[in-house]
Amino acid sequence: ETGVPPMAYTSLMLFAAAAVAGCATEATRLDAQWVNPQFAGQRAVRSLMVMGVSRDASTRRLYEDRMVASLGAAGVRAVQAYLTLPDDGPIPEDRLQRAVRAADVSHVIVSRIVNVTQQVNVTPGTVTTTAWGPGPGWGSGSAWGPGWRGFHGHHSSMWGPTMISTPPRITTSQDVNADTRLFDSRDAEVLWAASTTTSLGTTSATVPQVIDQFVGLIVATLKRDGVI
């Protein structure tokens, strides 16, 4: 009988964070990965159920569609979990097992969120002017130095028409840490796992762009480890 352990159905923020206005992916990096030594290099995975753990129905389905397409291009028969598990939220174990059996797959790959951190970056403002100087009479001893004439010349130059003021710049960025695991559908043994971080910057990007980058990294790593 097949079995897949129950998952904590928290929101898959890798996708949800991409929908935040003003954010875009800068890079998705692989922090760590592990593969069962007896499984590595065998390219044993030929059929997969793809499961995105997200309470947001549209992003979950988009992720599963993109992953299925990418795996298909790599020669792996893959099926979206939402076809047999359309509900969003925790699923009883017996129903999860039935869905995996109905999909007739040898393995299940599950992606979920681990952590999201946010940084606020502040660049101080500046005030500069090409007209800065000691004021009239420099070198003559009549203006620059102690007294109001030198101070007045300096003060006046700071209000000249060439003064440039740059306001402070405040930006935010997010690091989204995701966990992806590959299970054997027969006994729910973990055969492969990867931890990733997606850095979200300050320009605009679409949810599909973020998902495609994440999917590309996962599939490339599966190939490199000889899993698919």
Side-chain angles (χ1 to χ4, degrees), residues 2-5 7 9 11-16 18-19 25 27-30 33-36 38-88 91 95-113 176 178-198 205-228:
T2 61
V4 178
M7 291 294 163
Y9 273 69
S11 176
L12 186 56
M13 291 298 295
L14 174 65
F15 313 136
T25 183
T28 299
R29 68 177 183 269
L30 185 70
Q33 93 268 18
W34 172 86
V35 59
N36 186 318
Q38 298 179 347
F39 186 66
Q42 296 185 14
R43 305 193 184 280
V45 176
R46 291 302 173 196
S47 59
L48 267 174
M49 173 180 277
V50 176
M51 188 176 297
V53 181
S54 175
R55 293 184 184 275
D56 184 277
S58 61
T59 52
R60 173 198 168 189
R61 284 160 175 72
L62 182 59
Y63 161 70
E64 292 181 5
D65 286 343
R66 300 284 192 174
M67 181 64 86
V68 165
S70 185
L71 288 168
V76 178
R77 181 179 69 84
V79 60
Q80 300 92 326
Y82 71 74
L83 296 178
T84 51
L85 297 170
D87 300 334
D88 300 308
I91 299 172
R95 184 183 174 194
L96 199 58
Q97 292 176 356
R98 291 196 302 269
V100 173
R101 286 197 301 268
D104 190 26
V105 294
S106 60
H107 299 83
V108 179
I109 190 167
V110 183
S111 295
R112 67 181 180 90
I113 185 60
V176 181
D179 174 83
T180 301
R181 301 186 188 188
L182 179 71
F183 296 89
D184 189 314
S185 65
R186 295 169 300 178
D187 55 13
E189 181 184 4
V190 179
L191 300 175
W192 179 91
S195 299
T196 56
T197 297
T198 298
T206 64
V207 175
Q209 287 174 328
V210 175
I211 294 177
D212 283 344
Q213 188 182 53
F214 175 78
V215 166
L217 177 62
I218 294 298
V219 172
T221 307
L222 289 168
K223 289 179 180 179
R224 187 185 67 193
D225 289 344
V227 174
I228 62 175

Answer yes or no: is there a side-chain heavy-atom contact under 4.5 Å between [X] and [Y]?
X: Met67; Y: Thr180; result: no
X: Val227; Y: Leu191; result: no
X: Ile113; Y: Val53; result: no
X: Ile109; Y: Leu182; result: yes
X: Arg112; Y: Met51; result: no
X: Leu85; Y: Arg95; result: yes

Notebook entry, point to check: Given the rule in the side-chain contact (heavy atoms from CB on, under 4.5 Å) test, do Glu189 and Asn36 qualify, once you have shown the distances and angles that lead to the verdict?
Noted result: CA-CA 10 Å; Glu189 181 184 4; Asn36 186 318; 3.4 Å; yes
Nearest atoms (heavy-atom pairs only) where [X] meets [Y]:
X: Ile91; Y: Leu96; value: CG2-N, 4.0 Å
X: Arg60; Y: Pro86; value: NH1-O, 3.8 Å
X: Ala78; Y: Val68; value: O-CG1, 3.5 Å
X: Val76; Y: Ser47; value: CG1-N, 4.1 Å
X: Phe214; Y: Thr196; value: CE1-OG1, 3.4 Å
X: Gly75; Y: Arg46; value: O-NH1, 3.9 Å

Margin query: Listing request: all salt bridge (charged side-chain N to carboxylate O under 4.0 Å, His left out) pairs with a residue in residues 215-228, at least two apart in sequence or in separate chains.
Written below: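 As it turns out, there is no salt bridge (charged side-chain N to carboxylate O under 4.0 Å, His left out) pair with a partner in residues 215-228 once direct neighbours are skipped.
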Rounded distance [0.5 Å steps], [atom1] in [X] versus [atom2] in [Y]:
X: Ile211; Y: Leu62; atom1: CD1; atom2: CG; answer: 4.0 Å
X: Leu48; Y: Gln80; atom1: CG; atom2: CD; answer: 12.0 Å
X: Ser195; Y: Arg181; atom1: OG; atom2: CZ; answer: 8.0 Å
X: Glu64; Y: Ser111; atom1: CD; atom2: OG; answer: 9.5 Å
X: Phe39; Y: His107; atom1: CZ; atom2: NE2; answer: 4.0 Å

Notebook entry, point to check: Taking only residues two or more places apart in sequence, or in another chain, which ones meet Asp212 in a salt bridge (Lys or Arg N to Asp or Glu O under 4.0 Å)?
Noted result: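 In terms of salt bridge (Lys or Arg N to Asp or Glu O under 4.0 Å), with neighbours along the sequence ignored, Asp212 is linked to Arg66.
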Margin query: Checking side-chain polar atoms at under 3.5 Å, does Gln33 have a donor or acceptor matched by the opposite partner on Thr221?
Written below: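 Side chains of Gln33 and Thr221: no pair found under 3.5 Å.
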Checklist line | Donor-acceptor pair between Ser54 and Tyr63 side chains, under 3.5 angstrom | finding: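 Distance-only check fails for Ser54 and Tyr63.
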Next item on the list: Check step by step if side-chain contact (heavy atoms from CB on, under 4.5 Å) holds for Val79 and Thr84.
Entry: CA-CA 10 Å; Val79 60; Thr84 51; over 6 Å; no
Item checked: Set of side chain to side chain donor-acceptor pair (under 3.5 Å) partners for Asp104, sequence neighbours left out ->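 Expected list: none.
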